[in-house]
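Have a look at the structure below, then the notes.
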Protein chains: 2
Amino acid sequence: MTATLVPVFAALGDETRWSILTALGEGDASASALAGRLPLTRQAIAKHLNVLQEVGLVESMRVGRELRYRVLGARLSDTAKRLERIGSEWDHRLAAIKQIAETL
Amino acid sequence: MTATLVPVFAALGDETRWSILTALGEGDASASALAGRLPLTRQAIAKHLNVLQEVGLVESMRVGRELRYRVLGARLSDTAKRLERIGSEWDHRLAAIKQIAETL
DNA sequence: AAGAAGTGCAACTCCACGGTTGCAATTTGT
DNA sequence: ACAAATTGCAACCGTGGAGTTGCACTTCTT
């Protein structure tokens with residue numbers, strides 16, 4: 001469930017994937033439905049949705065004969081928190097190093 | 001200065017780039033110095049450092065004949081904040097949509 | 001002055017990724 | 001039972017990114 005961080009960033013590092021996410025933000029939808037709104041083939045979209053699902057940014061559920069997808073905003077918030085932590089730790093470490101370097 | 005968000009994620013979506021960042025976390029270093037610690041050519045590292053610099057995750061400064069790089073933790077924190085925002089907005093929107101759907 | 005250390009640039013290979021097309025399989029509605 | 005809608009799978013193509021090698025250029029050091 002808690003996919004490692006890097007693949008999540010890789011998934012978010014693609015413009016068209018964001019267009020799919022924002023399109024999904026208008027409401028849950030299937031790959032075919034999204035293909036109607038975006039300049040992409042259904043299959044291309046399906047591939048992207050798989051990527052997004054594998055890193056937990058999206059979840060799917062069957063509704064009759066269609067697979068409906070939903071954005072998981074929580075995953076974004078979670079990722080953000082982890083990134084924030086790393087960022088602040090980095091600053092602390094750099095500050096510590098600077099201290100040491102200056103006291104030499 | 002404030003590079004668009006997506007390229008930053010693309011830069012962070014690479015395992016070896018993280019290894020470079022963490023290596024840099026031990027203290028500022030040049031591409032050649034890093035090449036001594038990582039299983040990569042100096043040129044490969046230089047390319048990655050360019051990518052990281054273009055999205056503002058790293059800054060460089062000349063010291064004699066070498067180019068020394070430093071991690072910018074603040075950029076990570078900044079990116080995290082923006083991501084957090086997007087995530088929460090998403091949840092709000094989804095909640096709103098759910099409301100509407102249920103009151104139909 | 002000369003060699004060592006470091007950077008910059010260019011060309012090349014390899015492969016993963018985004019995208020497409022085509023067809024089979026499943027499910028729904030009438 | 002049949003046609004339409006939807007998904008699933010596989011093969012294929014093109015491009016860009018990661019990495020390497022090789023060489024020229026600059027800058028220390030002695």
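Note that the structure is a prediction, hence the values are computed from the model and not measured. Chain letters run A, B, ... following the sequence lines, proteins first and then strands; every chain starts at 1.
For a distance-only test at 3.5 Å, the side chain of A:Gln43 fails to qualify as a donor-acceptor partner of the base of C:dG18. Residue A:Lys47 places a side-chain atom within donor-acceptor reach of the base of C:dG19, judged by atom type and a 3.5 Å distance cut-off alone. Under 3.5 Å, the side chain of B:Arg68 and the base of C:dG6 form no donor-acceptor pair of N or O atoms. Looking at A:Arg42, its side chain comes within 3.5 Å of the base of D:dG8 through a donor and an acceptor atom.
For A:Ala44, the side-chain atoms get nearest to C:dG19 when compared with the rest of C:dT7, C:dG19, D:dG8.
Distance CD (A:Glu15) to P (C:dC17): 18 Å, rounded to an integer number of Å. Nucleotide D:dG8 holds its P atom 8 Å from the CG atom of A:Asn50, rounded to whole Å. Taking atom CD of residue A:Glu54 and atom P of nucleotide C:dA16, one finds them 15 Å apart after rounding to whole Å. Atom CG of A:Asp14 and atom P of C:dC17 are 11 Å apart (whole Å). Between B:Leu67 atom CG and D:dC28 atom C1' there is a gap of 15 Å when expressed in whole angstrom units. Atom CG in A:Leu40 sits about 15 Å away from atom C1' in C:dT21, given to the nearest Å.
Look at A:Arg65 and you won't find any side-chain N or O under 4.0 angstrom from OP1 or OP2 of C:dG29. Neither OP1 nor OP2 of D:dG17 sits under 4.0 Å from any side-chain N or O of B:His48. Residue B:Ser30 places at least one side-chain N or O closer than 4.0 Å to OP1 or OP2 of C:dT7. When the side-chain nitrogen and oxygen atoms of A:Thr41 are compared with OP1 and OP2 of C:dG18, none of them lie within a distance under 4.0 Å.
Looking at B:Asp78 and B:Arg75, a side-chain N of the basic residue comes within less than 4.0 Å of a carboxylate O on the acidic one, giving a salt bridge. For A:Asp28 and A:Arg70, the salt-bridge test passes: some basic side-chain N is under 4.0 Å from an acidic carboxylate O.
A donor and an acceptor atom, one from each side chain of A:Glu66 and A:Ser32, are nowhere located under 3.5 Å apart.
Going from atom OG1 of B:Thr4 over to atom CD of A:Glu15 covers 6.5 Å, rounded to the nearest 0.5 Å.
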